[in-house]
Amino acid sequence: MQNTQQQSISDNIEKYLKEHENKQMLRFITCGSVDDGKSTLIGRLLYDSKMIFEDQLAAAKNETKKYGTVEGEEIDFALLIDGLQSEREQGITIDVAYRFFSTDKRKYIIADTPGHEQYTRNMVTGASTADLAVILIDARKGVLTQTRRHAFLVGLLGIRNIVVAINKMDLVDYSEARFEQIVKDYRQMYEQLRFSLPYKSFHQKIDFIPLSALRGDNVVEHSERMPWYEGEALLPYLDTVTIERSEFDAFRFPVQYVNRPNLDFRGYAGTIASGTVCCDDRIIVYPSKKSSRIRQIVPPLSPEAKNEEETKEAFESMAVTLTLADEIDISRGDMIVKEGEKEPYFSDSFEAMLVWMDEEAMKNREYTLKLYAKESNASIASVMFKRDVNNWEKIETKTLELNDIARVKIDLAEKVAFDLYEENKKTGAFILIDKITNNTVAAGMIAGVSTRQKKERVYTEAEKALNAYVREFYPEWGCKPC
Amino acid sequence: MNNRMTHLKQLEAESIYILREVAATFEKPVMMYSIGKDSSVMLHLAMKAFYPAKPPFPLLHVDTLWKFKEMIEFRDRRVKELGVDLVVHSNPEGIEMGINPFVHGSKVHTDIMKTQALKQALNKGGYDAVIGGARRDEEKSRAKERIFSFRDKNHRWDPKNQRPELWNLFNTKIHKGESVRVFPLSNWTELDIWQYIYLEKIPIVPLYLAKERPVVEYEGAKIMVDDDRVPEELRKKARNEVVRFRTLGCYPLTGAIESTASTLPEIIQEMLLSKSSEREGRLIDKDQEGSMEKKKIEGYF
């Protein structure tokens, strides 16, 4: 933590708190392997922002002697931040770890994922909640296969802000030419990437920062060793970067919980997925397509706080409770939208990019699909192709295994309201749950609508006989032959 | 990222989403109430999430019978003020055995009065979702903990058998007899908790604030003489000092810190300028390296 911040904490804590009430929250994912200096970079961000305390540092020093991969008096930052005892002893990271730090401007949540190939599912998990991705490249090695993998996965998950952190600049003599070469290689790769992603109007804001996590160059402060670099150091960059968003702004309110404490109050609780809503707005409820009007918007209220009131307007990410002017039947999993705005898709079939997350391969059976609060029976009608995560080529396949990424057609047991993932992540993302093991077997991103091919029904001999019997003895029923 | 919401409002909204998800998808949820600051925040969030209704689940306090007196007073007052249901459980076998941390040590006491008692309470209540106040920033082994953390029939946590959590789509499906631990404060840090308490004026146990209290050195920590169960030789050595507590638990196992911070802003100030982490005052973490992970596998929260 910078001394100025410490000073302002000592001088006037009330003022400091007031300023810090208005921070924003930014979630990012770091992609890279231990070899790229990822743990060192994260360790440094945490240490410099004082999320690592002296006692933890002392413990890490002890452990460095026991398990460390670092020579001499250096602290192994990987040990400081790696969590589980079993994995520490093996020296590998096996899952997504969430780390926290904050500056004067923003609170950060880092999804720290291993970059190793078989852990696609970990990176997909970490990327699903991130607004920004930091992709680490070792300056000596440049754009590698793993860089292509990272770029593809964060693109697939729809992350629009990318920081390419070109690390270990100290080992290439802080060479501007080396930096420029890597920038060029990455940009070339990105042009290719755009054609491999299923999103039509998707683009990323990409910035490149040359740094040395080990020596602290361009991490918190601009490094004098790279005067040719005119951009910001990583931390000030993160503090000020504008997060790119989809232009989608229609109101979407998945009903999460019906709140009915007494006969006079029937509220629909949920978190606004997108758009804004005001009292008296005309709304439509899916799947019933019944319409009504917003009567009240109840924000999360504490019964003890007397000064808070009902609100007239609510917007994206707010957890509110709505009441309607008319009594219509609404339950969890329904979606409330606004009349006159872009309608959601409403179908019992769609195309999606699917990431297989389970050890057990895809089976020809029904799964439970969870899309916002809606659960529905679903089956994978067909696997159109899968994509190689490294070279992005299409591969023909009939089935899916752990870490496979494929375009599939999904059929649902009923019509549901949804949006495309590239427009609205909250109403376009889903998971598949195995009905027998209850495992989360796949993560999906809706990429298009499709028409359901109704399978021709096959009747048994008994059903055929029943049909013949009805037609013969009850002609007044107008029964059709089967 | 949301430009229109502060980080605290966003954390609040996300926690409320998690609490509502629990209420909507489980048959018999319960909220752990440890009376500490995180529990205070969690209770506040639960009141907000279901307003104007009361939270549709009871609170559960596992009383080791060695909590600070002020904690129990605070608990009973808050439950009354808010009109929520509270279930209190203590391990009857432990009571019969007369478990005493001064005699049996922290390991035995924690195992019998906390871990075993919690298992008993959960089995007795038949709860399928247990909401807890743990945060990922508290300890290294928690950085990877899920928000919905899956437990088998014996309440055991298997680090290799946890479900991936994508977006805010939580898989809440379990088989009969299994359960989940749910952590709505996963993404809050200690600073967030304090700032939120300050901003929302949430009541907390006064032990967090500095005051003159009788304390004595015990096993490397400064513990408070809260009642006369403290061995006499220790009681004799007790002195009045201005101290406060960074975390609350069983008084013989909770180290006080020397501090004059007697208001919330002063606590936050002290925390921001401090050089040691929050859990340092907890005696149970120091038993052995990776001890939290071991406790978790055994079923400790």
Side-chain angles (χ1 to χ4, degrees), chain A residues 6 9-10 13-14 17 20-27 53-56 82-86 95-100 102 107 109 121 124-125 128-129 131 243 256-257 259 261 265 269 271 298 300-303 315-319 332 357 368 370 373 425 429-431 433 438-440 443, chain B residues 1-8 10-13 16-17 20-21 23-24 44 47-54 82 136-137 140-144 159 163-167 169 171 173-175 186-187 189 191-192 195 198-201 265-266 268-269 272-277 280 289-290 293:
Chain A
Q6 293 225 353
I9 293 166
S10 314
I13 182 71
E14 264 103 2
L17 288 175
H20 279 244
E21 277 165 19
N22 297 314
K23 278 196 276 197
Q24 289 172 333
M25 190 151 90
L26 177 65
R27 288 177 153 97
F53 293 94
E54 299 286 327
D55 55 326
Q56 294 169 328
D82 284 349
L84 304 179
Q85 199 173 30
S86 46
D95 221 315
V96 187
Y98 295 91
R99 325 214 177 268
F100 308 84
S102 68
K107 171 194 165 92
I109 303 179
R121 62 172 166 180
V124 167
T125 302
S128 71
T129 50
D131 306 304
I243 295 302
Q256 192 189 3
Y257 179 80
N259 195 359
F265 188 89
T271 301
V298 185
L301 281 181
S302 150
F315 50 83
E316 190 184 321
S317 301
M318 280 175 73
R332 173 177 159 87
M357 316 278 282
T368 301
K370 185 171 180 183
K425 289 186 183 180
F430 63 90
I431 54 171
I433 301 167
N438 282 337
N439 285 345
T440 302
Chain B
M1 196 175 96
N2 194 299
N3 296 328
R4 295 177 70 177
M5 271 169 123
T6 66
H7 72 294
L8 291 174
Q10 203 172 330
L11 287 170
E12 177 190 77
I16 286 172
Y17 173 88
R20 287 172 173 170
E21 200 68 2
H44 184 79
M47 295 305 292
K48 283 191 161 197
F50 303 100
Y51 180 87
K54 301 273 190 228
L82 296 171
R136 284 172 174 154
D137 82 319
K140 268 190 287 182
S141 76
R142 287 197 166 147
K144 301 188 177 188
R163 296 163 179 174
E165 288 182 341
L166 297 119
W167 300 286
L169 297 172
N171 175 354
K173 304 276 183 219
I174 53 166
H175 291 119
S186 286
N187 290 329
T189 61
L191 178 60
D192 296 328
Q195 278 191 299
Y198 179 58
L199 199 68
E200 298 270 314
K201 303 183 179 65
E266 280 168 9
I268 300 171
Q269 182 175 38
L272 287 170
L273 299 173
S274 137
K275 285 185 163 53
S276 63
S277 66
E280 207 189 26
E289 216 180 286
E293 188 191 348

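In what follows, every chain begins at residue 1, and chains take the letters A, B, ... in the order their sequences are listed. All values derive from a computational prediction rather than experimental measurement.
The closest side-chain heavy-atom distance from A/Arg27 to B/Asn187 is below 4.5 Å. Counting heavy atoms from C-beta outward, B/Leu169 and A/Thr440 have side chains that stay 4.5 Å or more apart. Between A/Asn259 and B/Pro52 the shortest side-chain heavy-atom distance falls below 4.5 Å. Looking only at side-chain heavy atoms (C-beta outward), A/Met357 and B/Leu166 come within less than 4.5 Å of each other. Taking the side chain as every heavy atom from C-beta outward, A/Lys107 and B/Thr189 approach each other to under 4.5 Å. Between A/Ser317 and B/Met5 the shortest side-chain heavy-atom distance falls below 4.5 Å.
For A/Asn22, the parts sitting under 4.5 Å from any heavy atom of chain B are the backbone and the side chain alike. Contacts between A/Asn438 and chain B at a heavy-atom distance below 4.5 Å involve backbone atoms as well as side-chain atoms. Within the 4.5 angstrom heavy-atom criterion, atoms from both the backbone and the side chain of A/Tyr98 approach chain B. Contact annotation for A/Met318: both backbone and side-chain heavy atoms come within less than 4.5 Å of a heavy atom of chain B. Of the two parts of A/Leu17, the backbone and the side chain both hold a non-hydrogen atom closer than 4.5 Å to a non-hydrogen atom of chain B.
Considering every non-hydrogen atom in both A/Val298 and B/Tyr51, the closest pair reads CG1-CD2, 3.8 Å.
Between A/Lys23 atom NZ and B/Gln195 atom CD the span is 5.5 Å, to the nearest 0.5 Å. Here A/Thr125 contributes atom OG1 and B/Glu165 contributes atom CD; the two are 9.0 Å apart, rounded to the nearest 0.5 Å. The CZ atom of B/Arg163 sits 7.5 Å away from the CD1 atom of A/Ile433 when rounded to the nearest 0.5 Å. Summarising the geometry, atom CZ belonging to A/Arg99 is positioned 12.0 Å from atom CG belonging to B/Asp137; distances are rounded to the nearest 0.5 Å.
Chosen from B/Lys173, B/Arg4, B/Met47, B/Lys54, the residue pairing most often with chain A at heavy-atom distances under 4.5 Å is B/Arg4. Contact count against chain A (heavy-atom pairs under 4.5 Å) is highest for B/Pro164 among B/Ser186, B/Ala49, B/Pro164.
When the side chain to side chain donor-acceptor pair (under 3.5 Å) test is applied to B/Glu21, the partners found at least two apart in sequence or on another chain are A/Gln256, A/Arg332, A/Lys370. Applying the side chain to side chain donor-acceptor pair (under 3.5 Å) test to A/Glu316 and every residue at least two apart in sequence or in another chain returns A/Arg245.
Geometric assessment of B/Arg20 against the ring of A/Tyr257 yields a negative cation-pi assignment under the 6.0 Å and 45° thresholds.
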